[in-house]
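To find a chain, count down the sequence lines: A is the first, B the second, and so on, and within it residues start at 1. Because only heavy atoms are used, hydrogens play no part in the values below, and waters and symmetry mates are left out as well, while side chains stay in.
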2 protein chains.
Amino acid sequence: MAATIKDVARLAGVSASSVCRALAKPEQVRPETRERVERAASDLGYYPNRAARGLITGRTANIGVVLPDLANPFFPSVVKAIQTQARRFDYAVFLSDTDEDPALEVPLIRALAKQVDGFLLCSPRAGDEELRAFAGHTPIVVLNRRVTPFPSVTADSADGMRQAIGHLHALGHRRVAYVAGPRTSWSNRDRLRGLRSATSTYDMELIEAGNVAPTVDGGAAVADLVAASPVTAVIAYNDLVALGLLNRFRAREIAVPERISVVGFDDILLAGLVTPALTTVAIAKEQIGRTGVDLFLDLLKDDEGRKPVHKRTPTQLIVRASTGPAHL
Amino acid sequence: MAATIKDVARLAGVSASSVCRALAKPEQVRPETRERVERAASDLGYYPNRAARGLITGRTANIGVVLPDLANPFFPSVVKAIQTQARRFDYAVFLSDTDEDPALEVPLIRALAKQVDGFLLCSPRAGDEELRAFAGHTPIVVLNRRVTPFPSVTADSADGMRQAIGHLHALGHRRVAYVAGPRTSWSNRDRLRGLRSATSTYDMELIEAGNVAPTVDGGAAVADLVAASPVTAVIAYNDLVALGLLNRFRAREIAVPERISVVGFDDILLAGLVTPALTTVAIAKEQIGRTGVDLFLDLLKDDEGRKPVHKRTPTQLIVRASTGPAHL
DNA sequence: CAATTTCCTGAAAACGATTCCAGACTGACC
DNA sequence: GGTCAGTCTGGAATCGTTTTCAGGAAATTG
């Protein structure tokens with residue numbers, strides 16, 4: 001159906017090799033033949049078959065992106081940034097959503113492995129060992145998590161938590177709850193770690209509420225539990241969970257922020273649109289995606305030349321209406 | 001690096017052809033060799049190179065998904081459904097975000113064309129002619145738009161608009177504004193068509209407000225214009241636009257729904273979480289994605305056997321708090 | 001004008017898989 | 001035991017590229 005290099009060669013009256021050269025390294029062929037080839041190619045609407053090229057060059061110009069849940073608005077933002085940056089370098093994106101299932105991750109990666117030059121794993125849920133075991137020599141960059149020996153890009157959660165806790169402390173809060181996300185999530189552990197350190201710095205009491213799914217429903221599920229505990233503020237694993245809390249609080253007529261302040265994490269679009277608008281720790285989503293691609297391309301260039309790189313992107317507390325002075 | 005079929009053949013002490021058969025058509029080889037091959041394959045962690053296979057079989061088991069903007073929460077939902085259904089048939093997904101740029105569409109498709117068995121175009125912005133011109137014999141299924149001669153899946157906007165207008169009419173509204181989306185969007189034209197028919201049925205007056213970007217900012221941009229016009233209700237091209245309206249109305253202390261009722265379209269997650277919760281026309285996003293994949297696979301099976309199929313998915317008005325009785 | 005270099009080109013091999021074809025072996029049957 | 005059918009296997013061709021290699025033409029040099 002589609003034109004191949006041979007069709008172009010025939011039409012231009014040259015060999016396939018010349019067509020290849022004319023298109024890939026124009027300086028190596030006579031201007032005249034180059035022009036003939038170019039015209040033939042455009043007449044036939046010829047575009048090289050990247051899969052075939054990949055077979056021989058070992059470079060597919062495809063990048064595999066794996067993430068736990070496209071329905072979480074955080075990820076589309078990152079993916080979009082990845083897309084944009086990848087396209088800039090003529091890379092195409094393979095997308096795989098694992099549905100928060102750690103067991104699905106490695107098989108999915110493996111199935112795609114030969115069709116891509118490597119992977120960007122966004123918030124992978126699989127175990128470190130598992131990832132390492134797979135990685136053979138497939139280039140892998142990890143986003144929102146650190147797994148030696150892979151290069152990674154993470155948000156500076158510790159600093160974000162410090163800002164959040166500083167803000168709450170200034171408002172008079174002394175007891176704060178944390179609604180934890182998935183146990184398998186490195187971000188969750190990282191945020192908790194940062195939070196613990198921040199609360200101890202400020203000498204505040206931290207109450208941890210069970211692990212929930214990183215969704216609105218997950219937040220709603222523990223809202224009553226949080227409300228029943230002796231805290232004046234709650235920090236959620238992410239914005240979706242925070243919104244679940246807000247929703248349930250409203251349903252029960254628990255005033256936010258008068259009775260309890262709520263802080264989210266990620267700063268998804270939603271956060272600014274609900275009422276009360278959500279105070280949250282913004283993550284540089286675009287930067288994470290973009291940097292991930294850059295690290296990935298570096299990785300491809302100097303094949304295992306040097307030490308793994310860890311980039312940390314800044315976080316920024318966005319104060320909106322869901323936080324206020326502590327009651328009592 | 002990675003094991004090839006030859007490595008497996010060597011380890012198992014058989015030829016490459018036998019390895020291929022043992023794995024693809026187990027009944028054609030002796031149980032003993034099959035077992036040897038299977039063990040060798042799993043020892044080496046062998047997975048066939050799909051690109052190489054695609055070269056010869058002409059089937060890549062990849063599906064290309066093209067959409068205008070991943071940042072619009074509508075699309076991730078659809079993509080997720082596509083993923084899930086595609087995976088069920090062992091298909092992987094190539095994703096391309098065109099950034100609402102009609103001119104980017106065809107080149108992007110073309111670049112991917114050889115690596116996929118065909119495309120699912122979500123709300124493509126390119127012109128009909130352009131799409132047809134490209135399509136050569138690449139299987140294409142169109143979502144959220146109808147373009148002969150491609151199979152397509154669309155939402156029943158007309159019915160959705162009928163429901164919305166019926167609802168508003170019952171609440172006493174007689175003059176309603178429509179905030180139009182991108183001019184290049186078929187959905188926009190379709191919704192407008194449905195809306196015109198519905199308002200004329202109910203003998204209501206329709207005022208159309210300029211075309212805006214399908215984003216929150218787009219909605220905010222025309223909110224004042226809408227407020228200044230003599231309407232008691234407004235229907236937005238989609239939920240994001242509706243949210244932009246809500247936001248701006250709140251900023252200006254224009255009461256919703258007391259002074260003006262607002263209706264969205266799509267029913268994205270956000271819609272139920274804002275205050276007032278948005279009345280909107282829900283679209284069967286998952287069904288659209290799923291059906292799209294099914295149509296696509298059908299298309300591959302009986303190669304151009306029969307007439308193009310157009311599926312229409314139901315819409316459902318979700319009444320929330322942003323609509324109420326007309327004032328005056 | 002001959003010798004040497006440079007430039008350009010085509011043939012052939014390779015990438016990793018699948019499939020067709022033909023041959024080897026097994027067993028059944030006469 | 002010989003023939004035949006049937007089962008299983010390996011070799012070779014193939015897909016669409018890229019790349020290496022070598023050779024011919026043109027250009028340069030003495």
Side-chain angles (χ1 to χ4, degrees), chain A residues 1-38 40-41 44-62 90 110-117 136 138, chain B residues 1-38 40-41 44-62 90 110-117 136 138:
Chain A
M1 304 287 180
T4 76
I5 200 170
K6 285 184 190 163
D7 300 323
V8 179
R10 199 173 318 126
L11 182 59
V14 298
S15 74
S17 352
S18 293
V19 174
C20 179
R21 270 186 295 256
L23 299 174
K25 321 168 180 159
E27 73 282 3
Q28 284 190 20
V29 310
R30 214 169 34 176
E32 184 206 325
T33 38
R34 168 153 57 99
E35 201 181 327
R36 274 227 309 286
V37 169
E38 277 169 356
L44 293 170
Y46 168 76
Y47 280 79
N49 182 328
R50 285 171 163 228
R53 170 190 296 166
L55 207 49
I56 178 156
T57 61
R59 188 177 161 285
T60 61
N62 292 149
D90 206 28
R110 215 193 294 276
L112 252 56
K114 300 273 181 50
Q115 300 193 78
V116 301
D117 291 344
T138 311
Chain B
M1 303 285 180
T4 75
I5 200 170
K6 284 184 192 166
D7 300 323
V8 178
R10 198 173 320 124
L11 182 60
V14 298
S15 75
S17 352
S18 294
V19 174
C20 179
R21 272 186 296 254
L23 299 174
K25 320 169 181 160
E27 73 283 3
Q28 284 190 21
V29 309
R30 214 168 35 174
E32 185 206 326
T33 37
R34 169 153 56 99
E35 201 181 326
R36 274 226 310 285
V37 169
E38 276 169 357
L44 292 171
Y46 168 76
Y47 281 78
N49 182 328
R50 285 170 161 228
R53 170 189 297 166
L55 207 49
I56 177 157
T57 61
R59 187 177 162 283
T60 61
N62 292 151
D90 206 29
R110 216 192 293 276
L112 251 57
K114 299 270 180 55
Q115 299 193 76
V116 301
D117 292 343
T138 311

Exercise. Atom CZ of R50(A) and atom C1' of dT18(D): how far apart are they, to the nearest Å?
Worked result: 15 Å
Seminar exercise, completed: For R59(A), the salt bridge (Lys or Arg N to Asp or Glu O under 4.0 Å) test, sequence neighbours excluded, returns none
Exercise. Could you state the interatomic distance from CZ (R10(B)) to CD1 (I5(B)), rounded to the nearest 0.5 Å?
Worked result: 12.0 Å
Problem set entry | side-chain hydrogen bond (donor to acceptor under 3.5 Å, both in side chains) involving N49(B) - partner list, sequence neighbours excluded | none
Problem set entry | V116(B): partners by side-chain contact (heavy atoms from CB on, under 4.5 Å), with sequence neighbours left out | N62(B), F94(B), F119(B)
Seminar exercise, completed: Letter by letter from the 5' end, nucleotides 7-16 of chain C scores (B base, S sugar-phosphate only, - none; protein heavy atoms under 4.0 Å) -SBBBB-BBB
Exercise. Quick one: side-chain hydrogen bond (donor to acceptor under 3.5 Å, both in side chains) partners of S17(B), sequence neighbours excluded?
Worked result: S15(B)
Exercise. Residues in side-chain hydrogen bond (donor to acceptor under 3.5 Å, both in side chains) with R36(B), at least two apart?
Worked result: E32(B)
Exercise. For residues 46-57 of chain B, which residue pairs qualify under salt bridge (charged side-chain N to carboxylate O under 4.0 Å, His left out), counting only residues two or more places apart or in two chains?
Worked result: R50(B)-D90(B)
Problem set entry | Partner set under side-chain hydrogen bond (donor to acceptor under 3.5 Å, both in side chains) for T138(A), not counting sequence neighbours | none
Exercise. To 10°, what angle do the rotation axes through the five end pairs on each side of the helix from dC1(C)-dG30(D) to dC30(C)-dG1(D) form?
Worked result: 50°
Exercise. Just how far, in rounded Å, is P of dA17(C) from CD of Q115(A)?
Worked result: 12 Å
Exercise. Roughly, in whole Å, what's the span from NZ in K25(B) to C1' in dA17(C)?
Worked result: 12 Å
